Amino acid sequence: MSASTAPAPTEQVSAPPPTELSADGQRRTLLGSTVQSVLAVVTALLLGGLLVAVTDEKVRHTAGYFFARPGDTFAAMWRAASSAYVAMFHGAVYNPSGAGLSGKLYPLTETLTVATPLILAGLGVALAFRAGLFNIGAQGQILVGATLAAWVGFSWHLPAGVHLLAVLAAGALGGAVWGGIVGLLKARTGAHEVILTIMLNYVALNLVAWLLTLPGFQREGSSNPISPAVDENAMFPKLLGEHFRLHWGFVVAVLATVAVAWLLNRSTVGFELRAVGANPRAARTAGISVTRGFVVVMLLAGMLAGLAGTAQISGTEHSLTSGVAASFGFDAITVALLGRSTPWGTFFAGILYGAFRAGGVTMQSMTGTNIDIVLVVQSLIVLFVALPPLLTLATRRRRIQEVAA
């Protein structure tokens, strides 16, 4: 072939450098991997054990002659940390000194009982996150759901089965309305959901405190801010018998996890919500209503948190108080983060945090270790889960800015 007929060399055209990190890339980076979650938990436990050791009286005593006999100090540190975690395990999973099999497994049932509202509220936070929204309002949604559930529980008198279903529906409705307000305002006005949910948390807290001063809500003959107890027909039956606190609300949490997993991975609505969370502009171009997605996901997230309030009312507390939600709504944010905002990841993260709560009391009573150590470990888990993805995002943004410049 002659030179005149030879094909011209193909010019390699490089793609233009990215100017910003896509929303999908940000979401994937923040979600991270299961390995990161496991490493975060292990690292937090190691540092927590170190903190237990350095605050132990015997360790401080042996540290006084550390250079003469360093082995004594290390041995005391190991005994302090290991005894604390062994006591936590006995209080959260298995107690070898318990009477019979039921006594030995009682701690595990307590873990599952405490984990039930954490799982339900965590699913609400995780679902909103998958749609690109930060639901910081699970605390308020739990309170409103618990308020409606308690009112239906003590003021209505229905047959067994029907009454419990009515309480569940009321709790889900209360949480859905409280979450739906955020979704509607976000869709209509563009108001930021973090600000809205934080404000509504305080509105819900003060609303419950006010309601408990009214004759219809305050328990007759009591000056304390507590409602009448719900009817027996409105309570969850015990799952393993009257000797355990574990109730059928845990089964509701399992079913909710299955439902959320199906919704996100198998349904059209779930696909649309994930599309909105991944890239709202692309979703809008594809014909998906982003504003409707905001409303729908906050309704569903609030409903799940409302069910967590129902688990408190019908499962463990049986009455409405200002502290019925405890800190479950805020802990749910950590549970969803540790679970990487996946349904089953959130489920197991909720059980882990339930174990921390249940085992922390035993750890304090058996070893004298301050229960605040558990809070430190939980905080360290949040730090180690969030820090690597945030550093990755910051590094990518800096590289993108350098390329763009």
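This one's a predicted model, so the numbers in the text were calculated from it and none came from an experiment.
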Note, [X] side chain near [Y] side chain (heavy atom, < 4.5 Å):
X	Y	answer
Y94	P107	no
Q364	T369	no
N95	T362	no
E193	F294	no
P96	H90	yes
V335	V125	no
T213	P225	no
L45	V41	yes

Using atom types as modelled and distance alone, determine if a side-chain donor or acceptor of [X] lies under 3.5 Å from a backbone N or O of [Y].
X	Y	answer
T189	K186	no
R274	L264	yes
Y106	V93	no
T62	V59	yes
K104	G98	yes
S227	Q218	no
N224	I226	no
N279	A282	yes

Measure the spacing between [atom1] of [X] and [atom2] of [Y] and express it to the nearest 0.5 Å.
X	Y	atom1	atom2	value
L246	T113	CG	OG1	4.5 Å
L105	L240	CG	CG	9.0 Å
D72	K58	CG	NZ	12.5 Å
L123	L300	CG	CG	11.5 Å
T116	F250	OG1	CZ	6.0 Å
T147	L207	OG1	CG	6.5 Å

Name the atoms and distances for all side-chain donor-acceptor pairs under 3.5 Å in residues 306-321, with sequence neighbours left out.
from : atom 1 : to   : atom 2 : distance (Å)
T310 : OG1    : G306 : O      : 3.2
Q312 : OE1    : T316 : OG1    : 3.4
Q312 : NE2    : V324 : O      : 2.9
S314 : OG     : A234 : O      : 2.8
T316 : OG1    : Q312 : O      : 3.4
H318 : NE2    : G315 : O      : 3.4
S319 : OG     : R219 : NH2    : 2.7
T321 : OG1    : G323 : N      : 3.4
T321 : OG1    : V324 : N      : 3.4

- prompt: Where do L263 and F271 land on the side chain to side chain contact (heavy atoms under 4.5 Å, CB included) test, with the steps shown first?
  reply: CA-CA 8 Å; L263 175 72; F271 172 78; over 6 Å; no
task: Name all residues meeting the side-chain hydrogen bond (donor to acceptor under 3.5 Å, both in side chains) criterion together with S365; count only those two or more places apart in sequence or in a different chain, and write none if there are none.
output: none
query: R284: what forms a side-chain hydrogen bond (donor to acceptor under 3.5 Å, both in side chains) with it, not counting sequence neighbours?
result: none
T257/V260 under side chain to side chain contact (heavy atoms under 4.5 Å, CB included): CA gap, chis, key distance, verdict: CA-CA 5 Å; T257 305; V260 173; over 6 Å; no
Sequence neighbours excluded and cut-off under 3.5 Å, please list the side-chain donor-acceptor pairs for residues 153-181, or say none.
from : atom 1 : to   : atom 2 : distance (Å)
S155 : OG     : W151 : O      : 2.4
H157 : ND1    : D231 : OD2    : 2.7
H163 : NE2    : V152 : O      : 2.9
H163 : NE2    : W156 : O      : 3.3
W178 : NE1    : L200 : O      : 3.2

Give the minimum heavy-atom separation between [X] and [Y], together with the two atoms involved.
X	Y	value
A275	I288	CB-CD1, 3.8 Å
A44	V377	CB-O, 3.7 Å
A138	A305	O-CB, 4.1 Å
A99	S102	O-OG, 3.9 Å
A253	L120	CA-CD2, 3.7 Å
A336	A126	CB-N, 3.8 Å

- request: Tell me, with the steps shown, if F384 and L39 meet side chain to side chain contact (heavy atoms under 4.5 Å, CB included).
  value: CA-CA 8 Å; F384 294 136; L39 290 176; over 6 Å; no
Partner residues of H192 under the side-chain contact (heavy atoms from CB on, under 4.5 Å) criterion, sequence neighbours left out: V194, I195
- prompt: Does the side chain of S327 pick up a donor-acceptor pair with the side chain of R357 at under 3.5 Å?
  reply: yes
Side-chain donor-acceptor pairs of residues 343-353 under 3.5 Å, sequence neighbours excluded:
from : atom 1 : to   : atom 2 : distance (Å)
T346 : OG1    : T342 : O      : 2.8
Y353 : OH     : Q378 : O      : 3.3

Step-by-step side chain to side chain donor-acceptor pair (under 3.5 Å) determination, N201 to Q141: CA-CA 8 Å; N201 282 340; Q141 293 151 20; over 6 Å; no
Full working for side chain to side chain contact (heavy atoms under 4.5 Å, CB included) between M298 and N135: CA-CA 8 Å; M298 287 307 301; N135 180 20; 3.7 Å; yes
message: If you take the centroid of each ring, where Trp contributes its six-membered ring, are F134 and F129 closer together than 6.0 Å?
response: yes
- prompt: Would you say Y202 has more than 12 foreign heavy atoms packed within less than 6.0 Å of its OH?
  reply: no
